[in-house]
Amino acid sequence: MIIRNLIINPTAKQPEIYAAKVLKYCIFSDTVLVVGDQTELKLPDIYSEDLSIGFEVVQMEKDEDLDTKYIWEEIERNNGNFALTKKFCDEKFPDKYILGEHDGKVRYLRTNGKSHSIDWMKPIYDREINKKLIKLNNDNYSGITNEINLCISIVHRAKTLYDAELIAYSYKQAVKNYEKTFKKLYIIESDKIFIIHTDKIENIKPIIWQNCICDFEITGKDYIEEIKDIPYGTIIRLQTE
């Protein structure tokens with residue numbers, strides 16, 4: 001199936017499909033992207049049809065953070081049907097989630113709760129990033145001919161720029177132990193995407209206080225038009241269609 005130059009394999013999971021749509025909207029509008037890994041061909045979760053560029057997706061949200069795993073399973077079962085998904089959420093998680101609709105399908109999902117500290121997430125970030133780096137260094141993505149990137153989803157909970165900063169810092173610490181590294185980090189939130197160029201990540205200097213990162217040298221501007229040359233640390237805000 002092709003949707004606006006997006007090919008969806010049977011192996012594709014909902015968070016991977018969402019990540020691919022964000023990547024296409026922001027950056028790769030003229031590129032045919034395929035969603036759904038093919039482990040036998042050593043291809044990641046998202047890759048270009050010509051196999052020149054790939055994205056391995058890692059969803060950082062866990063069951064203990066929010067109950068989104070069960071909602072995504074319901075969305076997959078009903079093929080994204082908005083009415084059925086809303087009924088499920090109203091019954092299982094009353095007043096906890098807000099769902100958006102487009103053409104009868106679930107467009108977005110976000111929590112209705114208050115923001116909370118994400119400092120406790122760093123061990124999860126460290127663990128998941130290391131898992132992907134191990135796969136990269138074991139040639140799990142060697143089917144890609146040119147550039148392999150890490151696409152990190154932090155869509156389904158309250159967050160700020162601090163999350164992206166913390167992930168960047170976790171990655172900076174982890175890569176010291178590996179020969180192969182990802183070319184870029186694409187950190188996807190519910191309304192924006194952070195692009196971190198890992199060959200320049202050494203220029204990011206966190207200020208640490210009581211094991212928390214208080215400041216980070218990530219700069220950029222907001223874009224709502226077509227993206228051309230993307231500078232280091234660019235912050236792109238997504239607009240509603």
Compare all side-chain heavy atoms of N146 with those of I53 and state whether any distance is below 4.5 angstrom.
-> no

Could you pull out the closest heavy-atom pair between E74 and L84, with the gap in Å?
-> OE2-O, 4.4 Å

Here the gap from S29 atom OG to L23 atom CG, rounded to the nearest 0.5 Å, amounts to 11.5 Å

Distance, nearest 0.5 Å, that separates CD1 of I196 from NZ of K172 = 11.5 Å

State, with a plain yes or no, whether a side-chain heavy atom of I71 is found less than 4.5 Å away from one of Y97.
-> yes

E40 CD: over 12 foreign heavy atoms closer than 6.0 Å | yes

Under a single-linkage definition using a 4.5 Å side-chain heavy-atom cutoff for Ile, Leu, Val, Met, Phe, Trp and Tyr, are I129 and V175 assigned to the same hydrophobic cluster?
-> yes

Which pair of non-hydrogen atoms, one from M60 and one from I152, has the smallest distance, and what is that distance?
-> CG-CG2, 3.6 Å

Determine whether Y178 and I134 make a side-chain contact, defined as any pair of heavy atoms from C-beta on separated by less than 4.5 Å.
-> yes

How about Y186 and V22: do any of their side-chain heavy atoms sit closer than 4.5 Å?
-> no

Inspect the contact between E91 and K87 and indicate whether a charged nitrogen and a carboxylate oxygen are less than 4.0 angstrom apart.
-> yes

Side chain to side chain, K132 and L136, heavy atoms closer than 4.5 Å = no

D139 bridged to K180 by N-O distance under 4.0 Å | yes

Shortest non-hydrogen separation from F82 to V106 and the atoms involved | CA-CG2, 3.9 Å

For residues D126 and S170, report the shortest heavy-atom separation together with the two atoms involved.
-> OD1-OG, 2.9 Å

Residues two or more places apart in sequence or in another chain: which of them pass side-chain contact (heavy atoms from CB on, under 4.5 Å) with K105?
-> N79

Evaluate the criterion side chain to side chain contact (heavy atoms under 4.5 Å, CB included) for residue pair Y171 and L133; output intermediate values, then yes/no.
-> CA-CA 9 Å; Y171 184 84; L133 284 166; 4.2 Å; yes

Can you tell me how far CG of D37 sits from CG of L43, rounded to the nearest 0.5 angstrom?
-> 8.5 Å

CA sep, side-chain torsions, deciding dist, call: K183, E147, salt bridge (charged side-chain N to carboxylate O under 4.0 Å, His left out) | CA-CA 6 Å; K183 180 68 174 177; E147 180 179 316; 5.7 Å; no

Of all heavy-atom pairs between F55 and I148, which one has the smallest distance, and what is that distance?
-> N-CD1, 4.0 Å

Can you measure from CD (E49) to CD1 (I7) and round to the nearest 0.5 angstrom?
-> 4.0 Å

Please determine, by modelled atom types, if S52 and D50 share a side-chain donor-acceptor pair under 3.5 angstrom.
-> yes

Quick one: CG on L6 to OG1 on T31, what's the gap to the nearest 0.5 Å?
-> 11.5 Å

Where is the tightest heavy-atom contact between I8 and A12, given as atom of each residue plus distance?
-> CG2-CB, 3.8 Å

4.5 Å side-chain heavy-atom contact, D45 and E56 = yes

Do the rings of F88 and F93 sit parallel, tilted or perpendicular, given the 30° and 60° boundaries?
-> perpendicular

Between T85 (side chain) and I75 (backbone), is there a donor-acceptor pair under 3.5 Å?
-> no

Which distance, rounded to the nearest 0.5 Å, do you find between the NZ of K135 and the CG of L150?
-> 11.0 Å

Taking C-beta and beyond as the side chain, do E16 and Q59 meet within less than 4.5 Å on heavy atoms?
-> no

